There are 2 protein chains.
Amino acid sequence: MPSDLERAMEMLVTVFYRYSKKTGNSNTLSRSEFKQLMETELSTFLKAQRDPNVVDRIRNDLDANGDGELNFEEFVSLVVGLSVACEQIYQLHEKQEQCRNRYCGPSKH
Amino acid sequence: MPSDLERAMEMLVTVFYRYSKKTGNSNTLSRSEFKQLMETELSTFLKAQRDPNVVDRIRNDLDANGDGELNFEEFVSLVVGLSVACEQIYQLHEKQEQCRNRYCGPSKH
């Protein structure tokens with residue numbers, strides 16, 4: 001049975017290919033495939049963005065080799081950036097919780 | 001309900017903290033915490049390695065700031081490296097499958 005970390009890594013590959021196989025080169029995400037991935041997999045993140053061109057902006061930032069398509073390595077950069085941001089929020093939340101417990105007693109939830 | 005990609009990213013944070021919280025600084029992996037993580041989460045990968053010091057070698061490679069501990073960002077580099085390797089194996093497997101189908105007909109599995 002795979003470990004949690006193995007399942008997470010497998011999930012990254014599965015999600016990438018779920019969209020990259022739709023049209024054209026099956027090993028890369030076209031502009032529209034990336035848009036679909038973002039709208040389906042990261043809808044909460046997108047709703048929090050004010051820039052209406054955020055998907056295109058992110059896509060251009062990720063396209064390191066500038067070929068107009070995103071390969072898995074380029075896609076993973078997005079996952080890294082978002083995971084690190086999530087982890088920083090988690091750290092902040094933990095600190096706030098410790099602070100609250102110290103000064104106001106443990107929270108009830 | 002979180003998407004598959006959101007669950008994968010959440011899993012990366014969860015796995016990291018499952019080990020980093022064991023002793024000392026709860027936001028970083030000590031040498032022994034990283035060893036436990038590797039032996040539990042990546043046991044299949046470790047079994048395929050010939051170098052008996054592979055865990056220490058990987059740890060030293062990941063410790064970008066050289067402080068002897070691994071923070072989440074440094075840990076994620078490992079996940080990226082392994083995910084990209086997995087994806088390349090997946091691509092190779094897909095090519096072999098296409099080749100087999102072309103010359104020998106579709107496989108039965």
Side-chain angles (χ1 to χ4, degrees), chain A residues 1-21 25-29 34 36-48 62 64 70-95 97-98, chain B residues 1-21 25-29 34 36-48 62 64 70-95 97-98:
Chain A
M1 200 177 139
S3 70
D4 286 344
L5 187 56
E6 285 167 338
R7 280 195 295 131
M9 294 192 299
E10 192 186 342
M11 191 70 85
L12 297 182
V13 178
T14 303
V15 167
F16 177 83
Y17 277 95
R18 188 181 297 157
Y19 297 88
S20 73
K21 281 187 162 180
N25 185 339
S26 63
N27 298 323
T28 57
L29 294 167
F34 180 66
Q36 283 177 61
L37 184 154
M38 291 294 287
E39 288 173 352
T40 314
E41 301 291 332
L42 296 168
S43 61
T44 315
F45 166 77
L46 282 190
K47 276 175 200 149
L62 294 174
L70 295 181
N71 60 30
F72 183 75
E73 219 162 327
E74 291 166 335
F75 161 72
V76 163
S77 308
L78 171 69
V79 178
V80 168
L82 290 175
S83 302
V84 168
C86 285
E87 189 268 338
Q88 283 164 353
I89 293 167
Y90 177 85
Q91 255 192 53
L92 197 69
H93 175 81
E94 287 283 291
K95 272 185 195 153
E97 196 70 13
Q98 283 167 12
Chain B
M1 200 178 137
S3 69
D4 286 344
L5 187 56
E6 285 167 338
R7 281 196 295 132
M9 295 193 298
E10 192 185 343
M11 191 71 85
L12 297 183
V13 179
T14 304
V15 167
F16 178 83
Y17 278 95
R18 187 181 297 157
Y19 298 88
S20 73
K21 281 186 161 181
N25 185 339
S26 63
N27 298 323
T28 57
L29 294 167
F34 180 66
Q36 282 177 62
L37 184 153
M38 290 293 287
E39 287 173 352
T40 314
E41 301 291 332
L42 296 169
S43 61
T44 314
F45 166 77
L46 281 189
K47 277 176 200 150
L62 294 174
L70 295 181
N71 59 30
F72 183 74
E73 219 163 326
E74 291 166 335
F75 161 72
V76 163
S77 308
L78 171 69
V79 178
V80 168
L82 289 175
S83 301
V84 169
C86 284
E87 190 266 340
Q88 283 164 353
I89 292 167
Y90 177 84
Q91 255 192 53
L92 196 69
H93 175 82
E94 287 283 290
K95 272 186 195 151
E97 196 71 14
Q98 282 167 12

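From a predicted model like this one, the values you see are computed outputs, not experimental measurements. Every chain is numbered from 1, with letters handed out A, B, ... down the list of sequences.
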Query raised in the report: Atom OG of Ser26(A) and atom NZ of Lys95(B): how far apart are they, to the nearest 0.5 Å?
Result: 9.0 Å
Report summary line: Scanning both residues in full, the closest heavy-atom pair of Phe75(A) with Leu5(B) reads CZ-CD1, 4.1 Å
Query raised in the report: Quick one: of Arg7(A), Glu41(A), Arg18(A), who has the most non-hydrogen atom pairs under 4.5 Å with chain B?
Result: Glu41(A)
Report task. Output the distance between atom CE (Met9(A)) and atom CG (Leu42(B)), rounded to the nearest 0.5 Å. Result -> 5.0 Å
Query raised in the report: So which part of Val15(A) gets closer than 4.5 Å to some heavy atom of chain B, the side chain, the backbone, both or neither?
Result: side chain
Query raised in the report: Under the side chain to side chain contact (heavy atoms under 4.5 Å, CB included) criterion, do Asp4(A) and Thr14(B) qualify, and how do the steps go?
Result: CA-CA 9 Å; Asp4(A) 286 344; Thr14(B) 304; 6.0 Å; no
Query raised in the report: Looking at Phe45(B), Phe72(B), Phe16(B), which has the largest count of heavy-atom pairs under 4.5 Å with chain A?
Result: Phe72(B)
Query raised in the report: How close do Gln91(B) and Asn27(A) get, heavy atom to heavy atom, and via which atoms?
Result: CG-OD1, 3.6 Å
Query raised in the report: Could you state the interatomic distance from CG (Leu12(A)) to CD (Glu87(B)), rounded to the nearest 0.5 Å?
Result: 11.0 Å
Query - Residue, of Val13(A), Leu37(A), Asn71(A), that accumulates the most heavy atom pairs under 4.5 Å with chain B - result: Val13(A)
Query - chain A contact via Thr40(B) - which portion, at a heavy-atom distance below 4.5 Å - result: backbone
Query raised in the report: What's the spacing between Glu6(A) CD and Ser43(B) OG if we round to 0.5 Å?
Result: 6.0 Å
Query raised in the report: Which answer fits Val79(A), side chain, backbone, both or neither, if we ask what part of it has an atom under 4.5 Å from a heavy atom of chain B?
Result: both
Query raised in the report: In terms of side-chain geometry, is the basic nitrogen of Glu94(B) or Lys21(A) positioned less than 4.0 Å from the acidic oxygen of its partner?
Result: yes
Query raised in the report: Looking only at heavy atoms, which two atoms of Val84(B) and Glu73(A) are closest? And how far apart?
Result: CG2-CG, 3.8 Å
